[in-house]
Every structure is written in C-alpha cells, then in structure tokens.
Enquirer: 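Input: one structure, supplied below.
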Amino acid sequence: MAKTLEQIVIEGLAADCSSLEELYVLWQTMHYTETDTISDTSYMEIDKRSFHIDGVVNPEHFSGVLYILKEPSLKRYIQKGLEFPVITDVRRELRKYKKGYQDERGYVVGMQRLLLGETAEQMTNSQVMDTLGVVYVNKRGGKESSDDVWLNYGYQYIEFLKRQIRLIRPKVIVCGGEEIFKLVAKEVFYNKKSIRNRGEHMVWKDVVKNYQFTADGSYRHTKNPAKTEIVVVNMWNPAYRVNKDQYISPEEYLKEFQRRIQGIEQADLGGAELRR
C-alpha cells in the first residue's frame with residue numbers, strides 16, 4: 001500500500017523516538033491515518049484504529065529475552081460482533097498467566113524456562129513471565145487466519161517495529177515462525193542486498209547456523225563470538241501443525257526448541273540477576 005505524505009512524515013519520526021511510550025503514540029496515530037483507506041494490512045471486521053500495547057512484561061526483572069509473535073487474536077471480539085476500536089495492554093494479559101498450554105503464553109513460558117536453566121527451577125510461571133518481553137508484529141490484531149495480512153502489516157510498519165526492538169535492547173530474540181524470522185533478519189538487522197532489476201533479497205549464505213542468527217551491537221550480522229551481542233532464534237509458530245492438520249504437542253515443541261538454542265549460555269542473556 002502506497003503511503004501518504006502524512007504517513008511518511010509520521011514514519012520518519014519513529015526513528016527519533018526516545019521511549020516506547022512516545023513510539024506507541026506515533027504508532028496509534030499512524031493507524032488513524034488508515035481509517036479511510038482500503039489496505040491489505042487489516043480486516044473488515046477489525047477497526048483499523050485498534051492497537052495492542054506490548055513489550056517487556058516487568059522491566060525490573062527483564063532477562064533480555066524477547067519473543068516476537070504474529071498477532072493478538074481478536075476472534076472472540078469478532079464473534080460478538082463488536083466493531084469499535086480494541087485498545088489493550090497485552091502485558092497485563094501476560095502477567096495473568098498461571099499454567100497450561102491453552103494459548104501461546106504457555107509455550108513462551110516453557111521456552112523461557114529452558115533459556116533460564118537452573119535459575120527458573122524454583123520460579124513460578126508468573127515469575128518466569130516477568131523475565132521476558134513479547135512483541136507482536138501486527139499491533140492491530142487478527143482473527144486466527146492463515147493469510148498474509150499480519151505480514152503485510154509488518155512490512156508496512158517495519159520502521160516502528162525496528163525502533164521498538166532497539167528501544168527494548170534484547171540479548172536474545174526468539175521468532176515464533178519462519179516468516180517472522182525472515183522479516184527480523186532482513187529488516188531489523190539489515191541482512192539484505194539490492195540486485196539491479198530484481199529488488200531486495202535476503203542474504204542467507206553462511207549467516208544462519210543451527211537456526212541462529214548472530215549480530216553485533218550495530219545490528220549487523222557477525223560470525224565473531226566476541227562481537228556477538230544479539231542472538232536471533234528461528235523457532236516454530238506456537239500453533240505449529242504437522243501436515244497442516246495435527247497440532248504438535250507442547251512436549252515436542254519444547255524439545256525442538258531445546259535443540260535450537262544449543263550454544264546459547266545463560267550468561268549471554270544477561271541473566272535475570274544481572275539485568276536487575
């Protein structure tokens with residue numbers, strides 16, 4: 001979708017935001033500029049002014065691990081026929097998590113326990129949740145559909161997403177899905193190159209090892225462990241299905257995650273204690 005001059009100006013201001021609060025105000029303003037336009041970044045059933053605030057659950061206990069997921073679900077709102085803007089703070093819902101795998105929160109806590117290691121053994125699920133951050137690509141929300149609306153939104157609002165991640169300053173980024181991993185590696189870490197008459201393409205050769213992408217403090221890929229400050233992990237979507245019909249079990253999901261985080265030491269995270 002082509003941007004208006006107003007949208008281009010607002011987008012340019014995102015890079016200068018010094019706080020997440022300031023960024024969220026601009027982000028919501030950008031949503032308002034879409035209210036009278038037809039785009040492939042939203043659904044007819046969801047008011048374009050809807051916005052979900054996300055980020056670090058508890059700044060005091062943040063371990064440096066950030067999970068990037070597809071989008072909050074507004075399915076229950078749609079089923080009720082509600083058409084007004086939905087403005088929510090996702091972090092509040094994350095803090096309420098207790099147990100179970102009814103939604104993606106259980107998978108996030110399970111992955112975080114594996115990353116924290118022995119530190120998490122005596123922690124409740126709520127305490128583990130306090131050590132992480134969650135960012136949704138599509139801040140407007142979706143309806144649990146298998147389409148590209150959320151991804152179109154991600155590219156449309158990529159400057160905002162890039163700034164949000166940099167303001168959070170994660171040590172480890174876990175991408176919940178192949179497309180999210182590609183989006184983050186390509187756009188957030190500038191892992192792309194322009195080919196004449198063929199547009200921009202991902203740079204994959206020798207940059208991803210065992211589902212991990214490593215970068216330095218300038219958000220550029222590096223192979224040098226001494227310069228590595230950020231590790232990006234390519235993990236399945238929490239709603240991953242085998243052969244598109246059978247959901248994989250939480251046990252299988254976490255077993256695969258354990259395999260993909262090999263080599264990431266607890267010290268690399270900054271650790272809950274070290275970041276306090």
Side-chain angles (χ1 to χ4, degrees), residues 20 24 46 50-79 86-117 119-146 150 154 161 164-165 168 170-181 184 232-241 247-258 260-261 264 269 272 275:
L20 289 170
Y24 294 149
I46 299 176
S50 295
F51 191 84
H52 295 76
I53 299 170
D54 53 25
V56 175
V57 177
N58 189 331
E60 292 185 3
H61 298 158
F62 185 45
S63 65
V65 182
L66 179 66
Y67 295 84
I68 303 183
L69 305 174
K70 180 179 173 182
E71 61 193 4
S73 174
L74 289 181
K75 187 175 181 179
R76 68 179 186 274
Y77 290 91
I78 295 172
Q79 291 174 337
V86 178
I87 310 295
T88 65
D89 189 332
V90 175
R91 297 167 300 184
R92 184 179 300 115
E93 295 301 315
L94 295 172
R95 294 187 192 107
K96 294 179 181 178
Y97 174 75
K98 298 299 181 184
K99 61 180 179 179
Y101 291 91
Q102 294 86 351
D103 55 37
E104 58 200 9
R105 292 178 297 178
Y107 292 84
V108 167
V109 166
M111 287 187 281
Q112 186 71 354
R113 284 189 177 279
L114 291 175
L115 281 169
L116 293 178
T119 303
E121 290 181 0
Q122 303 302 318
M123 298 170 68
T124 66
N125 286 334
S126 295
Q127 289 172 329
V128 171
M129 186 69 82
D130 266 356
T131 68
L132 58 86
V134 171
V135 162
Y136 287 100
V137 173
N138 179 8
K139 295 290 190 291
R140 186 176 283 128
K143 56 180 185 178
E144 299 181 24
S145 299
S146 298
W150 70 274
L161 185 62
Q164 183 184 21
I165 292 173
I168 291 175
K171 296 291 185 181
V172 174
I173 298 176
V174 178
C175 298
E178 180 78 21
E179 291 300 325
I180 295 177
F181 178 74
V184 171
V232 185
V233 181
N234 178 7
M235 185 51 191
W236 293 328
N237 184 315
Y240 182 76
R241 288 181 288 183
Y247 284 99
I248 193 167
S249 70
E251 292 78 16
E252 291 176 287
Y253 183 93
L254 294 178
K255 182 178 180 180
E256 176 64 19
F257 182 69
Q258 178 76 77
R260 295 192 182 198
I261 61 172
I264 300 179
L269 310 183
R275 287 296 290 267

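Counting begins at 1 with the first residue of the sequence. Since the model is a prediction, treat every value here as computed from it, not as a measurement.
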Enquirer: I would like to know whether Ile168 and Val56 meet side chain to side chain contact (heavy atoms under 4.5 Å, CB included); could you show each step before the answer?
Expert: CA-CA 7 Å; Ile168 291 175; Val56 175; 3.8 Å; yes
Enquirer: Can you list the steps and then say if Glu256 with Met235 is a side chain to side chain contact (heavy atoms under 4.5 Å, CB included)?
Expert: CA-CA 8 Å; Glu256 176 64 19; Met235 185 51 191; 4.1 Å; yes
Enquirer: Looking at every non-hydrogen atom in both residues, tell me the closest pair between Leu132 and Val134 and how far apart they are.
Expert: CD1-CG2, 3.7 Å
Enquirer: I need the Phe257 CZ to Met111 CE distance, nearest 0.5 Å.
Expert: 5.5 Å
Enquirer: So do the side chains of Cys175 and Val232 get within less than 4.5 Å of each other, counting heavy atoms only?
Expert: yes
Enquirer: Okay, side chain of Arg113, backbone of Ala120: is any donor-acceptor separation there less than 3.5 Å?
Expert: yes
Enquirer: Would you check if Asp89 and His52 make a side-chain contact, meaning some heavy-atom pair closer than 4.5 Å?
Expert: no
Enquirer: In Å, rounded to the nearest 0.5 Å, how long is the span from NZ of Lys98 to CZ of Arg95?
Expert: 12.5 Å
Enquirer: Carefully, step by step, assess Ser63 and Gln112 under the rule side chain to side chain contact (heavy atoms under 4.5 Å, CB included).
Expert: CA-CA 10 Å; Ser63 65; Gln112 186 71 354; 3.0 Å; yes
Enquirer: With a 4.5 Å limit on heavy-atom distance, are the side chains of Glu104 and Leu69 in contact?
Expert: yes
Enquirer: Should the pair Lys255-Glu251 be classified as a salt bridge under the 4.0 Å nitrogen-to-oxygen rule?
Expert: no
Enquirer: Do NZ/NE/NH1/NH2 and the carboxylate oxygens of Glu93 and Lys96 come within less than 4.0 Å?
Expert: yes
Enquirer: Does Val174 reach the side chain of Leu115, with side-chain heavy atoms less than 4.5 Å apart?
Expert: yes
Enquirer: Kindly write out the residues that satisfy ring-ring contact (aromatic ring centres under 6.0 Å, His included) with Tyr101, not counting sequence neighbours, or none if the list is empty.
Expert: Tyr107
Enquirer: Nearest 0.5 Å please: distance from the CD atom of Glu144 over to the OG atom of Ser73.
Expert: 3.5 Å
Enquirer: Indicate yes or no: at least one non-hydrogen side-chain atom of Pro238 is less than 4.5 angstrom from one of Tyr253.
Expert: yes
Enquirer: The criterion is side chain to side chain contact (heavy atoms under 4.5 Å, CB included); which residues satisfy it with Asp130, sequence neighbours excluded?
Expert: Val57, Asn58, His61
Enquirer: ring-ring contact (aromatic ring centres under 6.0 Å, His included) with Tyr240: which residues, sequence neighbours excluded?
Expert: Trp236
Enquirer: On a heavy-atom basis, which atom in Lys139 and which in Val135 lie closest, and how many Å separate them?
Expert: NZ-CG1, 3.7 Å
Enquirer: Could you walk me through whether Val233 and Ile264 pass the side chain to side chain contact (heavy atoms under 4.5 Å, CB included) check?
Expert: CA-CA 10 Å; Val233 181; Ile264 300 179; 3.8 Å; yes
Enquirer: Quick one: are Thr119 and Met123 in side-chain contact, heavy atoms under 4.5 Å?
Expert: yes
Enquirer: Just how far is it from atom OG1 of Thr88 to atom CD1 of Ile53, taken to the nearest 0.5 Å?
Expert: 7.5 Å
Enquirer: What residues form a side chain to side chain contact (heavy atoms under 4.5 Å, CB included) with Ile87, not counting sequence neighbours?
Expert: Gln28, Phe51
Enquirer: Test of understanding: with salt bridge (Lys or Arg N to Asp or Glu O under 4.0 Å), list the residues that count as partners of Lys143, not counting sequence neighbours.
Expert: Glu45
Enquirer: Is any side-chain heavy atom of Arg105 less than 4.5 Å from a side-chain heavy atom of Leu94?
Expert: yes
Enquirer: Measuring only between side-chain heavy atoms, which start at C-beta, is Tyr67 closer than 4.5 Å to Ile173?
Expert: no
Enquirer: What distance do Ile46 atom CD1 and Leu74 atom CG have between them, rounded to the nearest 0.5 Å?
Expert: 4.5 Å
Enquirer: Can you name the residues that form a salt bridge (Lys or Arg N to Asp or Glu O under 4.0 Å) with Glu179, not counting sequence neighbours?
Expert: none
Enquirer: Is there a donor-acceptor pair under 3.5 Å between the side chain of Tyr247 and the backbone N or O of Pro250?
Expert: no
Enquirer: Where is the tightest heavy-atom contact between Ser145 and Lys70, given as atom of each residue plus distance?
Expert: O-NZ, 3.0 Å
Enquirer: Salt bridge between Asp54 and Arg91, side-chain N to carboxylate O under 4.0 Å?
Expert: no
